[in-house]
Amino acid sequence: MAEITLVQAVTLALAHAMAEDPSVLVLGEDVGADGGVFRATDGLLARFGCDRVFDTPLAEAAIAGLSIGLAAQGFHPVAEIQFTGFIYPAIDQLVNHASRLRTRTRGRLTCPMVLRSPCGGGVRAPEHHSESPEAMFAHVPGLRVVVPSSPRRAYGLLLAAIRDPDPVVFLEPTRLYRASREDVSDDGAGLPLDRCFVLREGRDATLVAWGGMVREAIAAADRLAQEGVSAEVIDVATLKPLDAETILASVGKTGRCIIAQEAPLAGGFAAEIAARVAERCLMSLLAPIERVAGFDTVMPLPRLEHLYLPDNARIAAAVRRAMAYA
Amino acid sequence: MAEITLVQAVTLALAHAMAEDPSVLVLGEDVGADGGVFRATDGLLARFGCDRVFDTPLAEAAIAGLSIGLAAQGFHPVAEIQFTGFIYPAIDQLVNHASRLRTRTRGRLTCPMVLRSPCGGGVRAPEHHSESPEAMFAHVPGLRVVVPSSPRRAYGLLLAAIRDPDPVVFLEPTRLYRASREDVSDDGAGLPLDRCFVLREGRDATLVAWGGMVREAIAAADRLAQEGVSAEVIDVATLKPLDAETILASVGKTGRCIIAQEAPLAGGFAAEIAARVAERCLMSLLAPIERVAGFDTVMPLPRLEHLYLPDNARIAAAVRRAMAYA
Amino acid sequence: MHGDSGYSRCLGPDGRLVGPLPESARDAETLTGLYRAMMRTRGFDAKAVALQRTGRLGTFASSLGQEAVPVGVASAMRAEDVLLPSFREHGAQLWRGVTPLELLLYWGGDERGSNFAGPRQDFPVCVPVGSHAPHAAGVALAFKLRRERCVAVAVFGDGATSKGDVAEALNIAGVWQLPALFVVTNNQWAISVPRRRQSAAETLAQKAVAAGIPGDQVDGNDVIAVRQATLLALERARSGGGASLIEALTYRLADHTTADDASRYRDDAEVSRHWPEEPLLRLRAYLSEAGYWTKRDEDRLLAETAAEMDAAASAYLDTKPQPPESIFDYTFARLPTDLAEQRAAALAAASPTAG
Amino acid sequence: MHGDSGYSRCLGPDGRLVGPLPESARDAETLTGLYRAMMRTRGFDAKAVALQRTGRLGTFASSLGQEAVPVGVASAMRAEDVLLPSFREHGAQLWRGVTPLELLLYWGGDERGSNFAGPRQDFPVCVPVGSHAPHAAGVALAFKLRRERCVAVAVFGDGATSKGDVAEALNIAGVWQLPALFVVTNNQWAISVPRRRQSAAETLAQKAVAAGIPGDQVDGNDVIAVRQATLLALERARSGGGASLIEALTYRLADHTTADDASRYRDDAEVSRHWPEEPLLRLRAYLSEAGYWTKRDEDRLLAETAAEMDAAASAYLDTKPQPPESIFDYTFARLPTDLAEQRAAALAAASPTAG
Ligand SMILES: Cc1ncc(C[n+]2csc(CCOP(=O)(O)OP(=O)(O)O)c2C)c(N)n1
Ligand SMILES: Cc1ncc(C[n+]2csc(CCOP(=O)(O)OP(=O)(O)O)c2C)c(N)n1
Ligand SMILES: [Mg+2]
Ligand SMILES: [Mg+2]
């Protein structure tokens with residue numbers, strides 16, 4: 001048992017999966033000797049060799065396409081896209097092939113692959129290095145979309161993703177990579193890929209978040225606690241398939257729902273959660289649903305990034321509005 | 001003034017725009033001599049010549065990229081992606097470049113381009129020819145997303161899209177291409193790109209739809225009228241930027257909101273509309289919001305397509321649920 | 001065969017040998033087998049087009065005039081190799097054991113057509129042009145990692161060579177020396193775009209140069225040459241020699257698909273000029289000349305093929321559609337809760353009792 | 001210069017001529033101008049790295065050792081041509097009139113840095129590797145349609161040649177004979193991936209073969225050869241000869257970026273071996289030998305450059321951030337209603353009075 005960061009938990013899970021299953025492969029740009037630009041694959045080449053870890057040429061569409069061919073042949077490729085800003089060329093392969101191979105062939109061929117990619121802002125990264133496109137993937141039938149928010153959940157969810165018989169898009173918030181440490185025992189225990197995690201129980205409001213926004217939601221809950229407002233905090237973790245039950249049960253209890261997302265507001269995944277709540281919890285709502293999100297603008301370059309990213313202050317303000325509503 | 005189909009209205013608008021502005025170009029696969037696989041560009045090559053109409057090699061990413069280069073140089077390219085099932089390789093260019101050129105350069109370079117593509121199902125087309133990915137584009141800051149649903153609106157909206165100083169994704173429902181005719185006068189009048197259209201006034205429920213679902217919504221309203229239920233029908237037309245006011249005003253009046261979309265439910269654009277209503281109309285809602293959508297499955301091949309596509313019966317059933325709610 | 005120039009041909013359009021037959025194709029049985037397979041492909045195409053014209057099949061892409069490419073390629077492959085076809089390779093799929101019924105089901109809009117009993121590892125038809133090329137690299141990497149002496153064979157058209165996916169796949173197959181073969185069926189047209197407007201590359205075989213792999217041209221209307229070129233490429237790949245590319249020069253005698261009207265963009269005269277070069281004609285001429293094939297053989301084959309395709313057509317037309325739940329049951333290995341709800345609702349709606 | 005082989009060089013690493021100087025680069029003024037520009041580029045890189053190391057600039061990509069490529073290319077371009085750079089072409093941007101301040105603003109995370117006063121039509125830095133290649137084809141098509149004798153010049157690295165976008169762009173530029181030049185700065189590494197693991201292509205110049213356009217190699221550490229090769233390619237393009245590709249062979253002496261630690265994946269010994277070949281050394285040697293450049297010139301230039309970069313740095317550090325509304329005001333030409341609401345909320349929150 002060791003105190004490790006989220007990125008180290010990713011490495012730990014990758015190593016565990018590779019050790020337990022020889023069909024698990026790691027591929028991507030600079031995942032070998034360099035160990036990945038964030039060191040997520042550090043040491044894997046040395047430990048598992050060049051028949052398990054592949055530095056690919058610079059070609060994202062092919063990285064996804066290669067993985068599909070490998071997966072159809074029974075391997076479990078775990079491919080890395082260096083940043084989500086560069087994942088777009090892979091979308092065609094994910095939408096037209098990875099997500100449908102099982103359906104198209106009525107189960108004859110399947111696609112057990114994981115596409116990992118660092119996502120989100122908050123680290124003053126260069127242009128195109130701070131995007132949050134999870135909603136695009138969560139709209140694609142046949143894909144699972146997972147966004148971890150703590151070392152332990154990153155470990156368990158990534159193991160589950162790798163063991164899953166279907167394609168998984170696994171988005172890792174760069175701002176959380178080294179933000180905190182947690183005891184993670186390398187016990188090989190996976191976490192369910194169809195469950196939200198209730199991180200904190202509360203009576204008055206339900207804060208729903210994922211990825212980089214989870215920490216902000218917790219911080220907001222702390223603030224609110226001092227104001228006598230008891231907020232429940234839910235980490236969605238797996239956006240698709242969505243565990244609506246857990247969220248609906250919570251909102252049914254608290255009567256207030258505040259959803260935080262880093263991505264632009266319009267068409268973001270917070271809308272899907274708001275819609276489910278509006279469809280199923282209408283009569284338990286004591287106040288309008290609130291979405292706290294990025295603006296419908298291009299992510300600003302680092303100097304103004306802080307004005308764009310939702311933070312615990314904006315989340316807390318939304319909760320106060322909900323509390324004040326009558 | 002002539003009775004023409006939606007696809008003919010598209011051609012009419014293209015011809016009008018090319019005649020009024022020499023900087024308007026048409027490019028894409030088979031848009032020249034063949035006039036496009038749906039004949040949307042029929043006659044343009046003959047009339048405007050090979051310096052205005054370009055048959056490109058088979059390369060969607062390059063079609064989008066070429067258009068960006070042309071647009072930055074002051075041309076107004078109108079590019080065709082042969083089917084939305086093949087638009088995915090162009091997403092990288094749209095997200096990372098077309099949508100941000102203005103922002104990135106603080107207005108020094110801009111990207112006045114239109115990417116047209118036939119979308120949606122209902123015509124028993126081959127695999128990958130029936131997709132509805134509009135939500136993916138509506139989530140991208142800096143893009144406009146337009147889906148016409150009648151010959152007249154197709155004409156006016158396409159003209160406005162071509163004249164717009166920013167990039168527009170223009171999705172044309174194939175099932176409507178030849179479904180009906182309408183008098184369209186070639187008067188060059190554009191329609192606003194930030195307005196929903198109230199197609200029918202009603203008291204009891206608001207039916208919100210776009211593209212291929214608009215006809216189904218109207219048919220549902222007809223059915224319901226016979227049952228004494230008065231349904232208002234709104235064609236969203238421009239998904240981004242969304243004219244929420246018109247929808248909210250209607251729901252404020254009727255108290256019931258039923259949103260129909262052809263795309264898979266999860267993360268579809270109906271969720272965004274439901275979220276806006278839930279945020280702003282909570283207290284006027286007499287019944288939970290209902291979304292009538294495609295399933296979260298891959299679009300079936302033609303033999304089962306009819307079971308997948310939402311129809312007026314499913315929409316009417318949702319309205320009845322809303323009316324029965326208490 | 002004179003293949004030094006990077007272009008190979010055995011049989012001229014007139015059915016005369018332009019060089020010695022390769023060992024692989026000297027016996028009457030092999031040669032007549034190739035001929036039968038091409039005839040069967042043409043018979044299937046004809047039946048499929050007929051069904052479409054009468055509204056009983058979806059949009060269909062005929063391979064009329066190109067039969068030598070899929071048949072030549074497939075005849076050189078081993079059962080354990082993997083084929084990754086585009087949408088015009090029925091000839092190869094049929095050779096490898098996909099049945100006419102399964103093909104009709106696919107083109108008729110029934111997913112079961114891609115769950116064929118035959119070559120279980122083969123990929124289904126790929127509609128997004130060129131997007132299967134990277135899959136071939138992946139399959140080839142799988143073979144290499146398992147040290148199996150198998151080859152992944154992707155087939156696509158001249159238009160596909162303009163797609164980035166194809167360039168990326170060729171490059172990776174080259175740098176990783178993967179056991180993959182990329183076959184470009186250059187039928188001179190990509191819908192309405194002629195070969196010369198698709199690329200300024202002198203030959204499409206030269207797309208291989210950018211990937212550092214061998215690339216050769218072959219007369220795609222000469223099934224013997226296609227087969228021989230494929231055998232050599234597969235042998236090279238099996239023995240660790242890595243990937244290669246073959247450009248098979250042929251001609252699309254039919255419309256692009258049943259939804260296309262080629263007269264809008266190409267001269268009938270051009271098409272007529274190419275008819276004399278079509279692949280069955282020349283092999284039939286050679287076989288008759290050699291005494292391997294008689295009028296009686298021909299008549300019997302025509303009758304057999306017609307019977308097979310008629311039987312497949314009626315079996316297809318008699319096939320009940322899949323149950324509604326099939327829409328849901330292959331989305332994931334395990335049905336997620338929210339999808340289960342959608343499934344239940346759909347079944348309720350679809351059940352006869354429902355309004 | 002001996003360029004017949006498709007590889008050209010004028011100056012050897014030792015500063016000796018390996019062939020006659022091209023007419024374009026015989027006078028002292030031209031030669032010292034090129035030298036000054038490379039020194040200025042190196043001076044900018046040094047300042048930017050220093051600012052990053054002290055936490056006052058974002059992640060930065062130095063062009064140390066590659067200066068001859070951007071400077072040689074830009075020096076051959078006309079003002080009215082359009083440059084489409086990647087993220088390592090400061091040398092070219094500076095030559096074309098982008099100021100050190102503007103570059104620092106960009107790398108410091110301020111969009112105003114891409115709104116440079118200089119070459120208004122030039123594209124901003126392109127971070128998604130290779131994705132600007134199709135833009136160059138579009139710009140070139142614009143020139144062709146307007147019958148302007150201008151050329152679009154895209155510069156990218158060895159790694160970029162593996163991207164589908166680049167292959168698609170080269171192919172279109174080739175088949176449409178567009179006035180475009182694609183410059184591959186082959187610095188032997190794509191982060192940790194060495195050139196030989198990027199592609200099996202014999203040379204990256206051969207990527208041109210797949211597009212049917214001319215492709216040549218040039219010594220990328222010889223600014224005279226780079227300039228001359230570019231002049232020829234631009235002249236060809238201007239006179240309707242269409243697109244071409246140049247592979248400039250150089251070496252990345254620095255880490256990939258300030259966020260990279262190259263010692264994880266490459267030998268310092270390898271880096272040391274390449275230092276003697278770097279571009280400034282050889283030109284300085286030649287200039288001194290020819291009597292065009294003295295110790296005093298060198299000292300003065302160093303002082304000038306240092307002063308210019310210091311001034312740019314303090315101007316950069318004194319630049320106030322943009323106002324919050326700038327986040328919104330360039331998303332569309334006209335601010336949509338819902339975005340206006342977000343803008344208002346954001347301004348309220350950002351205003352000092354707000355909690
Ligand atoms: C990526 C993509 N873009 C467009 C299409 C539409 N389309 C289908 S076939 C075709 C032409 C293909 O030409 P080629 O590669 O030469 O193959 P052929 O049809 O001649 O066999 C096009 C444009 C598609 N299926 N996929
Ligand atoms: C499409 C894309 N994928 C990945 C990256 C991350 N990345 C930035 S630079 C780089 C290597 C580029 O190598 P090369 O093209 O040789 O240019 P160089 O850095 O050597 O100048 C990578 C992988 C990116 N910016 N864009
Ligand atoms: Mg073709
Ligand atoms: Mg490089």
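Computation of the quantities below employed the complete heavy-atom set of this structure, encompassing side-chain atoms and omitting hydrogens, waters and symmetry-equivalent molecules. Just so it is clear: chains get the letters A, B, ... in the order the sequence lines come, proteins before strands, and each one is counted from 1.
In this structure, a donor-acceptor pair under 3.5 Å is absent between the side chains of D:Thr250 and D:Asn187. Looking at D:Gln93 and D:Asp122, their side chains never bring a donor and an acceptor atom within 3.5 Å of each other.
When each of D:Val125, D:Asp110, D:Val193 is checked for heavy-atom pairs under 4.5 Å with chain A, D:Asp110 comes out on top. Of the listed residues D:Pro128, D:Gly164, D:Pro321, D:Ala190, the one with more heavy-atom pairs under 4.5 angstrom with chain A than any other is D:Pro128. Interface summary for chain A: among D:Gln198, D:Arg197, D:Arg266, D:His256, the most heavy-atom pairs under 4.5 angstrom belong to D:Gln198. Counting heavy-atom pairs closer than 4.5 Å to chain A, the top-ranked of the candidates D:Thr257, D:Asp260, D:Leu339, D:Asp165 is D:Leu339. The choice from A:Asp55, A:Val298, A:Leu304 that makes the most heavy-atom pairs within less than 4.5 Å of chain D is A:Leu304. Listed options A:Ala62, A:Pro126, A:Pro57 were ranked by heavy-atom pairs under 4.5 angstrom with chain D; first place goes to A:Pro57.
Here A:Phe137 and A:Phe269 keep their ring centres 6.0 angstrom or further from each other. When ring centroids are compared, D:His132 and D:Phe182 stay outside the 6.0 Å threshold. Aromatic pair D:Phe123/D:His135: ring centres closer than 6.0 Å.
In this structure, chain D has a heavy atom under 4.5 Å from the side chain of A:Phe86, while its backbone stays farther away. Looking at D:Arg195, there are no atoms closer than 4.5 Å to chain A (heavy atoms on both sides), in backbone or side chain. Neither the backbone nor the side chain of D:Ser114 comes within contact range of chain A; no heavy atoms are under 4.5 Å apart. Contacts of D:Pro323 with chain A are made by backbone atoms alone, with heavy-atom separations under 4.5 Å and no side-chain atom involved. Of the two parts of D:Ser199, neither the backbone nor the side chain holds a non-hydrogen atom closer than 4.5 Å to a non-hydrogen atom of chain A. Neither the backbone nor the side chain of A:Glu29 comes within less than 4.5 Å of any heavy atom in chain D.
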Begin with the C-alpha distance, continue with both residues' side-chain angles, and end with the deciding distance and a verdict on side chain to side chain donor-acceptor pair (under 3.5 Å) for D:Ser192 and A:Asp30.
CA-CA 6 Å; D:Ser192 71; A:Asp30 309 292; 2.6 Å; yes

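You'll find the side chain of D:Gln66 reaches within 4.5 Å of the side chain of D:Arg88, heavy atoms only. Counting only heavy atoms from C-beta outward, the side chains of D:Asp45 and D:His90 approach each other to under 4.5 Å.
Contacts between residues 328-338 of chain D and chain A, defined by a heavy-atom separation under 4.5 Å, are made by D:Phe328, D:Thr331.
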